[in-house]
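These numbers were taken from a predicted model, which means no experiment stands behind them. Naming convention: chains lettered A, B, ... in sequence-line order (proteins, then strands); numbering from 1 in each chain.
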Amino acid sequence: MLDPKLFRTQLDEVAKGLSKRGYQLDVERLRALEDTRKVVQVECENLQQERNTRSKNIGKAKAQGQDIAPLLAEVDNLKKALSEAEEKLAAVQTEFNDIVESVPNLLADEVPEGKSEDDNVEVSKWGEPRSFDFEVKDHVDVGAELGGLDFETAGKITGSRFAVMTGSIARMHRALIQFMLNTHTGEHGYSEIYVPYIVNKDSLFGTGQLPKFEEDLFKLRDDRDLYLIPTAEVPVTNVMRDEIVDEAALPVKFACHSPCFRSEAGSYGRDTRGMIRQHQFEKVELVQFVKPDNSAAALEELTGHAELILQQLGLPYRKVILCGGDIGFSSTKTYDLEVWLPSQKTYREISSCSSFGEFQARRMKARFRNAETGKPELLHTVNGSGLAIGRTLVAILENYQQADGSLEIPAVLQPYMNGQTSIAAASK
RNA sequence: GGUGGGGUGGCUGAGUGGUCGAAAGCGGCGGUCUUGAAAACCGUUGAGGGUUUAUCCCCUCCUAGGGUUCAAAUCCCUACCCCACCGCCA
């Protein structure tokens, strides 16, 4: 959420900034609301003041044993005027808030102009895509040959966009989680954290999934308004909701493995084959809470942490900065890491690292106490995938496939797989 | 699932319906003392918003949402959460 003051004092600048996203702010409506808000609020507060002083006087008079009947008569019509004013004010504020809460974050200067993912700008590239001297299979076929990657059984158990893994593939899937968590906690200074996978509306509002993106979520059929998490970002970031932490405690850095559940509404035709786009997938998420001055550096650092995983796995990737038209609602700047998929001869998203400025913190009331001033200030949040496990598995299956149908296991994963160096093709 | 007790400021914890935004303690900040520190002592210290050049002043907030009242932290209803005991249970 943007600072409501910005809508009062710099409305046109805000509108201009948002236009880089292709977002059109209803300037006229906001200006009109603000004008009436001012008048109504002053009126309302004046009436409240009058009620307060009169009530106090009644109290005093009563304490002195005086007759309060005339005082009560005076206050009679005040009550009605006040409740009318309060209702009017509430209506104006509700409409103002509804608009403000649905406005996306302003973008960092360096975010490029653009309308779609085609306009994202490559920042860097790492690794050389391997050249194959045999016909490259996609991960579904590689998995089929190895055995242990089964979409039909998942379809029977549940439906489309789910997978069943068994044997060495299931184990490698788990090994990826362990490897990533150990790296981030052991070498990058993150604390491991375990959180609920079901969250309430306040949490989803805090990170920005609600109120605008409910259709992307799985909602529990229950009268408590609970949802499955679409990413660990939601529970982990909301750890700080309604908190004021000591400045000395910052930065707070969490690494969290969790499953993620996404309805994928509106992506019916896309990535229907394989496990690129699933309703359920695992992810190791990195979340940082930092002082405002440090958030830009923190985004670079965190992105680097995710990149290191790709490098250690020997997976070629590129880093792109998302353009104004493709960047997420809450983000002020986002880098996507895209891994090379030989079967598609292209780079596909495997991590998304974003800086949110104070946007999420304001929604969550997540603050730190400035040691110098003693005053609470909004902290900044930064997060990113480090990495998406399912897609990492896809990338390994494709990039490490062998001519004989076997799979080489990346060296860094071997300790997590009992020293196993390859997975043989299933005997037919 | 049953019964009972609670949710108050950064934290702990008082609070007969009427100067209660709220005692006290801890913590924080400033000071005295000290070579320095600790201890002790003195003072200070909630959050959000409105108005204002600024000071002042004003409003809101004691889990949330309703209600009663001239007046609610305090009374009533609902929801959520926490604690204790019982039952069930991974």
> If the condition is side-chain hydrogen bond (donor to acceptor under 3.5 Å, both in side chains), which residues does A:His279 pass it with, not counting sequence neighbours?
none
> Of A:Arg37, A:Arg29, A:Arg31, which is the lone residue that meets side chain to side chain contact (heavy atoms under 4.5 Å, CB included) with A:Leu33?
A:Arg29
> Taking atom P in both B:G9 and B:G50, what distance in whole Å separates the two?
24 Å
> Which dot-bracket string fits RNA chain B when only Watson-Crick or G-U wobble pairs with both atom distances under 3.5 Å count, crossing pairs get [ ], and | stands for a partner on a different strand?
((((((((.[[[..)..(.....]]]((((((.......))))))(((((......))))).[[[[[..)....]]]]])))))))....
> Taking B:A79 as the reference, what is the distance to B:G4 when you measure between their P atoms (whole Å, please)?
15 Å
> Please report the distance separating the P of B:A73 from the corresponding atom of B:U8, rounded so that it comes out in whole Å.
15 Å
> Does the cation-pi check pass for A:Arg174 over A:Tyr416, that is, NZ or CZ under 6.0 Å from the six-membered ring centre and within 45° of its axis?
no
> Considering only atom P, compute the distance from B:G48 to B:G10 and round it to an integer number of Å.
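Comparing P positions in B:G48 and B:G10 gives a spacing of 9 Å.
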> Work out how far the P atom of B:G27 is from that of B:C86, and round it to whole angstrom.
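After rounding to an integer number of Å, I get 38 Å for this pair.
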> Output the residues of residues 51-61 of chain A in contact with RNA chain B, where contact means a heavy atom of the residue under 4.0 Å from an atom of the strand; sort by number or write none.
A:Arg51, A:Asn52, A:Ser55, A:Ile58, A:Gly59
> Apply side-chain hydrogen bond (donor to acceptor under 3.5 Å, both in side chains) to A:Glu117 and list each qualifying residue two or more places apart in sequence or on a separate chain.
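Here no residue qualifies.
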> Give me the distance, rounded to whole Å, that separates B:G36 from B:G49 when you measure between the P atoms they each carry.
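The same atom, P, in both gives a distance of 42 Å.
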> Return yes when atom NZ of A:Lys219 has more than 12 non-hydrogen atoms of other residues, nucleotides or ligands closer than 6.0 Å, and no otherwise.
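Check passes, neighbour count above 12.
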> Please list every donor-acceptor pair under 3.5 Å in which a side-chain atom of residues 189-196 of chain A meets a protein atom from a residue at least two apart or in another chain.
residue  : atom : partner  : partner atom : Å
A:Tyr190 : OH   : A:Gln288 : NE2          : 2.9
A:Tyr190 : OH   : A:His305 : ND1          : 2.8

> On RNA chain B, reading 5' to 3', which nucleotide is the first and which the last to sit with an atom under 4.0 Å from a heavy atom of chain A, could you check?
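First-to-last contact on RNA chain B, by the 4.0 Å heavy-atom rule, is B:G10 to B:A71.
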